[in-house]
Amino acid sequence: ARYTKVERRIWNDEKFMALSDLGKLVFFFLMTHPQQTAVGAFRASVPGLACEIGWPIETFEKSLSELTAKDMVRVDRSACFLVLPNFIKHNPPENPNVVIAWSKSIELLPECRLLYELVDNIRQFIKTLPESFQKGLPEPFRKGMPKGMPKQKQEQEQKNKQKQKQLQVTNLTQEEIDEFNAIFAQ
């Protein structure tokens with residue numbers, strides 16, 4: 001069974017305690033959502049999430065905006081994509097095999113700026129773990145993005161320009177950006 005760790009010390013967290021009751025509920029909802037991946041990200045629309053719990057969209061939006069203002073959740077509405085940026089910090093891999101499985105989770109997520117940021121955050125986080133965990137991360141993932149990522153049907157030249165701009169917000173080198181573009185040009 002899949003599970004998410006929720007630390008009791010969350011009740012001591014200044015950002016969490018500053019949330020309204022509905023903000024706290026939305027945070028727990030997103031953290032424990034059935035579609036949540038092992039890397040703290042999933043594909044969903046904001047109106048769809050509101051519908052899932054039977055809330056008016058406006059109520060859900062207001063609570064979600066509390067979370068985004070505190071950078072507890074990041075949302076790409078056009079890609080229907082949500083990320084909990086500190087998820088892996090509180091749900092670290094228990095062994096190197098978990099790290100290997102992370103790349104499979106990433107492959108299921110939509111291509112967008114937030115995905116590139118997530119991959120870069122994972123790369124940085126993995127560097128803090130023992131070497132055996134670092135070796136568990138597949139080579140293409142270590143360099144930026146996993147191979148086999150689904151391609152969106154857009155004009156390739158436009159797509160590469162957009163991705164290059166998006167990747168520049170991360171800590172990727174020009175070489176890594178070029179490698180990423182080469183993977184998706186195939």
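Residues: numbered from 1 along the sequence shown. Values in this document were obtained by computation on a predicted structure and should not be read as measured data. Hydrogens, waters and symmetry mates play no part in the numbers below; they use all other heavy atoms, side chains included.
With sequence neighbours left out, the side-chain hydrogen bond (donor to acceptor under 3.5 Å, both in side chains) criterion links E66 to S20. A search for side-chain contact (heavy atoms from CB on, under 4.5 Å) contacts involving L129 returns P93, F125, I126, F133, not counting sequence neighbours. For S78, the side-chain hydrogen bond (donor to acceptor under 3.5 Å, both in side chains) partners two or more places apart in sequence, or in a different chain, are D76. Residues satisfying the salt bridge (charged side-chain N to carboxylate O under 4.0 Å, His left out) test with D71, not counting sequence neighbours, are R74.
Shortest non-hydrogen contact noted between P110 and A79 is CG-O, 3.5 Å.
The salt bridge (charged side-chain N to carboxylate O under 4.0 Å, His left out) contacts involving residues 92-102 comprise K5-E94, where partners must be two or more places apart or lie in separate chains. The side chain to side chain donor-acceptor pair (under 3.5 Å) pairs that include a residue from residues 56-65 are E61-R77, where partners are two or more places apart or lie in different chains. Residue pairs meeting the side chain to side chain donor-acceptor pair (under 3.5 Å) criterion with at least one member in residues 8-19, sequence neighbours excluded: E7-R9. Residue pairs meeting the side chain to side chain donor-acceptor pair (under 3.5 Å) criterion with at least one partner in residues 24-37, sequence neighbours excluded, are H33-E52.
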> Are F60 and I53 close enough, and set up right, to give a side-chain contact (heavy atoms from CB on, under 4.5 Å), and what steps lead you there?
Replying inline: CA-CA 9 Å; F60 191 87; I53 57 175; 3.9 Å; yes
>> side-chain contact (heavy atoms from CB on, under 4.5 Å), that's the test. Do L30 and L64 meet it? Break it down for me.
In response: CA-CA 10 Å; L30 297 176; L64 183 64; 3.9 Å; yes
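In the hydrophobic clustering of ILVMFWY residues, with side-chain heavy atoms under 4.5 Å counting as a link, I100 and W102 come out apart. Transitive grouping of hydrophobic side chains (ILVMFWY, heavy atoms separated by less than 4.5 Å) brings V73 and I10 into a common cluster.
Side-chain contact between L49 and W55 is absent, with no heavy atoms from C-beta onward closer than 4.5 Å. Inter-residue side-chain proximity for F16 and L67 is flagged as unmet; no heavy-atom pair is nearer than 4.5 Å. Between T4 and F28, the closest side-chain pair of non-hydrogen atoms is not below 4.5 Å.
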Can you list, pair by pair, the side-chain donor-acceptor contacts under 3.5 Å of residues 81-88, counting residues two or more places apart and other chains?
none

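Atom-to-atom distance recorded for K127:NZ and Q124:CD is 4.0 Å, nearest 0.5 angstrom. Taking CG of L19 as the start and CZ of F27 as the end, the distance is 8.0 Å to the nearest 0.5 Å. Rounded to the nearest 0.5 angstrom, L109 CG and C80 SG are separated by 12.5 Å. With rounding to the nearest 0.5 Å, the separation of CG in L114 from OH in Y116 is 11.0 Å. We find the CD1-NZ distance between I106 and K104 to be 12.5 Å, quoted to the nearest 0.5 Å.
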